[in-house]
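Per chain, numbering begins at 1; letters A, B, ... match sequence-line order. Side chains are part of it too, since the values below use all heavy atoms of this structure and drop only hydrogens, waters and symmetry mates.
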Protein chains: 2
Amino acid sequence: MRRDIFQAIADPTRRAIIGLIALQAMTPNALAEHFDTSRQAVSKHIKILTECELIKQEQKGREIYYSLELEKMKEIDRWLEQFRTMWETRFNQLDEVLSIMKEQKQ
Amino acid sequence: MRRDIFQAIADPTRRAIIGLIALQAMTPNALAEHFDTSRQAVSKHIKILTECELIKQEQKGREIYYSLELEKMKEIDRWLEQFRTMWETRFNQLDEVLSIMKEQKQ
DNA sequence: TATAAGCGCAATTATTCGGTTGCGCAAATA
DNA sequence: TATTTGCGCAACCGAATAATTGCGCTTATA
């Protein structure tokens with residue numbers, strides 16, 4: 001079973017969950033109310049997010065509050081870094097200039 | 001058929017393809033040599049990447065050179081921005097401090 | 001104490017995914 | 001011109017995915 005952060009954020013519901021618990025810790029039931037789906041479905045998403053360490057939990061009585069492990073989100077940022085370097089150093093625009101120059105030659 | 005950029009980068013082979021064609025335009029055959037998979041499998045990935053506009057192509061005779069649509073990668077960056085703001089403003093560390101303070105109270 | 005609420009886990013199901021195989025077509029090459 | 005090469009497309013298959021349903025357990029509440 002592949003379980004990495006990229007697979008975790010592939011699902012739109014999970015991205016929404018991430019967005020919600022980034023702001024405040026929430027219980028599965030509270031989360032489920034935000035979506036047109038069951039608590040069990042939300043719990044399954046939480047399980048996946050937990051398995052790739054994107055989530056931390058705090059038990060309060062019979063309730064479990066889930067919140068985002070922000071540090072883990074940096075993994076996406078680190079992967080993106082190589083491409084950010086490219087668009088920031090305007091490699092893209094350079095490429096376009098080269099294309100135009102090439103066309104003018106022909 | 002869901003087809004967004006987050007679903008596109010969920011697959012490790014596709015992320016590798018993205019990394020390769022970010023540096024230089026490549027044909028499906030050239031790409032397939034980098035992986036332990038067939039050209040057809042690579043072509044399927046390319047199709048998916050094309051469908052979410054992550055890739056542009058240039059036909060040269062019977063060969064097709066694929067390269068990255070760098071601009072589209074920014075979409076991931078934009079989604080990540082909300083979380084980057086959080087870890088850059090050290091909300092995370094603040095949260096830890098609060099936890100420690102709470103523990104000390106008890 | 002009986003009931004309700006919050007939760008995780010397991011079984012089930014329809015759908016999607018990643019891959020292979022087998023075409024057919026157009027461009028390059030012998 | 002005959003053959004090879006590069007490619008996309010469609011059919012097929014096993015595995016993974018997302019969701020539902022039905023538990024059982026623990027903690028609140030009446």
Rounded interatomic separation in angstrom, taking CD from B:Gln7 and P from D:dA16: 17 Å
Which distance, rounded to the nearest 0.5 Å, do you find between the CZ of B:Arg39 and the CD1 of B:Ile46? 9.5 Å
Correct closest heavy-atom pair for A:His45 and A:Asp11 would be CE1-OD2, 3.4 Å
Integer-rounded Å distance: C:dG6 P and A:Glu58 CD: 18 Å
Could you tell me whether B:Glu75 and B:Lys72 have a side-chain N and a carboxylate O separated by less than 4.0 Å? yes
Within one Ile-Leu-Val-Met-Phe-Trp-Tyr cluster: A:Phe35 and A:Met26, side-chain cutoff 4.5 Å: yes
Just by protein heavy atoms under 4.0 Å, how would nucleotides 1-13 of chain D read 5' to 3' in B, S and -? ---BBSBBB----
Check: A:Arg15 side chain, A:Ala10 main-chain N or O, donor-acceptor pair, under 3.5 Å: yes
d(CD, A:Gln59; C1', C:dC7) in whole Å: 8 Å
Here the distance between atom P of D:dA18 and atom CD of A:Glu51, to the nearest Å, is 12 Å
What I want to find out is whether B:Arg84 reaches B:Glu81 closely enough, with some N-O distance under 4.0 Å, to be called a salt bridge. no
C:dG19, OP1 or OP2 - any side-chain N/O from B:His45 closer than 4.0 Å? yes
Is A:Lys56 close enough and on-axis enough to A:Tyr66, meaning under 6.0 Å and within 45°, for cation-pi? no
Between the two end axes of the helix from C:dT1-D:dA30 to C:dA30-D:dT1, each built from 5 base pairs, what angle do you get to the nearest 10°? 10°
Between C1' on D:dA18 and CZ on B:Phe6, what's the gap in Å once rounded to a whole number? 19 Å
Take the protein atom CZ of A:Phe35 and the nucleotide atom P of D:dA18, then report the distance between them rounded to whole Å. 14 Å
Is the shortest side-chain N/O distance from A:Arg14 to OP1 or OP2 of D:dA19 below 4.0 Å? no
Side-chain N,O (A:Thr37) to OP1/OP2 (D:dT20) below 4.0 Å: yes
Rounding to 0.5 Å, atoms CD1 (A:Ile9) and SG (A:Cys52) come to a distance of 9.5 Å
List the atom of B:Glu63, the atom of B:Tyr65, and the distance in Å for their closest heavy-atom pair. OE1-OH, 3.2 Å
